Number of protein chains: 2
Amino acid sequence: MTLISIGRLSDETGTKIPTIRYYESIGLLPEPPRTASNRRLYDPHAVARLRFIRHARDLGFEIEAIRDFLGLMDHPGGPCHHAHGLVRQHLEAIDAKIAQLQAMRHAIERVSPNCPYNRVEQCPAIEVLSDHALCPDGCP
Amino acid sequence: MTLISIGRLSDETGTKIPTIRYYESIGLLPEPPRTASNRRLYDPHAVARLRFIRHARDLGFEIEAIRDFLGLMDHPGGPCHHAHGLVRQHLEAIDAKIAQLQAMRHAIERVSPNCPYNRVEQCPAIEVLSDHALCPDGCP
DNA sequence: GCTACAATCTCCAGCGACTAGAGGATCAAG
DNA sequence: CTTGATCCTCTAGTCGCTGGAGATTGTAGC
Ligand SMILES: [Zn+2]
Ligand SMILES: [Zn+2]
Ligand SMILES: [Zn+2]
Ligand SMILES: [Zn+2]
């Protein structure tokens with residue numbers, strides 16, 4: 001029964017106020033009741049929902065995936081294999097991104113750290129950026 | 001002396017035409033000369049410049065960093081330590097991102113792959129997203 | 001020359017996921 | 001009663017493109 005203001009919700013979940021209103025505008029958070037003077041009032045259920053959203057976002061899930069999760073959670077008795085699918089998909093996306101970053105790392109690392117010229121002309125750091133042929137295998 | 005059209009430039013660099021015009025609009029590519037009927041004409045210098053931009057973007061450099069690189073390259077006789085600084089900075093950013101993704105990976109991996117309930121209620125995949133306390137150390 | 005059709009032009013709008021600001025109303029404390 | 005914090009709505013900006021509308025121009029076949 002303890003209803004809180006948007007500022008309080010912001011503090012409790014570490015979510016900026018405009019972001020909360022944004023989530024409401026895209027339908028991730030339901031429109032909350034208002035005071036007589038039109039201010040939003042949130043109940044503990046909304047707090048939990050927003051905490052879920054923020055944590056999933058922090059873990060890199062996209063809004064649409066979160067929308068799916070929330071849809072599932074609205075039917076607690078239903079099956080959960082779709083949730084597992086979403087998680088697995090996301091893990092695969094993360095792995096792909098890590099692999100790509102590591103390939104980029106290797107390509108850039110190739111930039112000779114000891115540059116013998118100290119001039120833009122012939123600087124290996126710039127050359128390796130200019131010429132894809134100098135890149136190692138994994139370069140995107 | 002071989003001047004090419006924007007479509008040709010697009011093909012040779014693997015850059016979409018709107019992207020080329022976009023780069024021009026933000027000043028990454030200079031305004032090229034035009035035909036009598038107002039079509040852009042590019043020389044080999046522009047091709048090289050665009051190739052550089054694309055490769056650096058593929059390696060994850062931001063537009064502003066690329067703008068810096070290009071500024072340096074316009075003075076080939078100048079010193080290059082700023083270029084090395086940009087590269088080092090970018091490497092550090094990549095490392096940070098990799099570390100964060102791996103932390104996320106671990107947090108999500110914690111999601112028990114064998115779910116004994118098969119119902120949204122009590123599904124560990126959803127629980128671990130709901131409750132940050134279930135996360136391992138590195139979770140963002 | 002005429003007719004297709006491809007390529008190009010400019011301008012504008014949209015993506016994802018917020019973030020920031022203007023300008024106004026309302027609340028709580030002194 | 002006044003001050004300052006909080007809230008409201010609405011609009012526009014971020015980044016790096018991407019796509020479309022509608023107009024014009026270039027090219028090829030007949
Ligand atoms: Zn150097
Ligand atoms: Zn490369
Ligand atoms: Zn499950
Ligand atoms: Zn966590």
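Computed from a predicted model, the values in this text were never measured in an experiment. By convention in this document, chain letters (A, B, ...) are assigned in the order of the sequence lines, proteins followed by strands, and residues within each chain are numbered from 1.
- Taking atom CZ of residue B:Arg21 and atom P of nucleotide C:dA13, one finds them 17 Å apart after rounding to whole Å.
- The side-chain heavy atoms of A:Thr35 and A:Leu41, taken from C-beta on, include a pair separated by under 4.5 Å.
- Closest to the side chain of A:Arg39, out of C:dC9, C:dC18, C:dT26, is C:dT26.
- Distance, B:Tyr22 OH to C:dC11 C1': 16 Å, rounded to whole Å.
- A:Lys16 has a side-chain polar atom (N or O) that falls below the 4.0 Å cut-off from OP1 or OP2 of C:dA20.
- Separation of atoms CD1 (B:Ile108) and CG (B:Leu129) is listed at 7.0 Å; rounding is to 0.5 Å.
- Aromatic ring orientation, A:Phe61 versus A:His90: tilted (interplanar angle from 30° to 60°).
- To the nearest angstrom, C1' of C:dT10 lies 12 Å from CD1 of B:Ile6.
- Within 3.5 Å, no donor on the side chain of A:Arg57 pairs with an acceptor on the base of C:dA17, nor the reverse.
- Spacing between atom CZ of A:Arg34 and atom P of C:dA25 amounts to 16 Å, rounded to whole angstrom units.
- A close approach under 4.0 Å does not occur between any side-chain nitrogen or oxygen of B:Arg8 and OP1 or OP2 of C:dA6.
- When DNA chain D is scanned in the 5' to 3' direction for atoms under 4.0 Å from non-hydrogen atoms of chain A, the outermost contacting nucleotides are D:dT6 to D:dT9.
- Contact check, A:Tyr23 against C:dA17: no side-chain N or O comes under 4.0 Å of OP1 or OP2.
- Applying the 4.0 Å criterion to OP1 and OP2 of C:dC9, one finds that B:Ser37 has every side-chain N and O outside that range.
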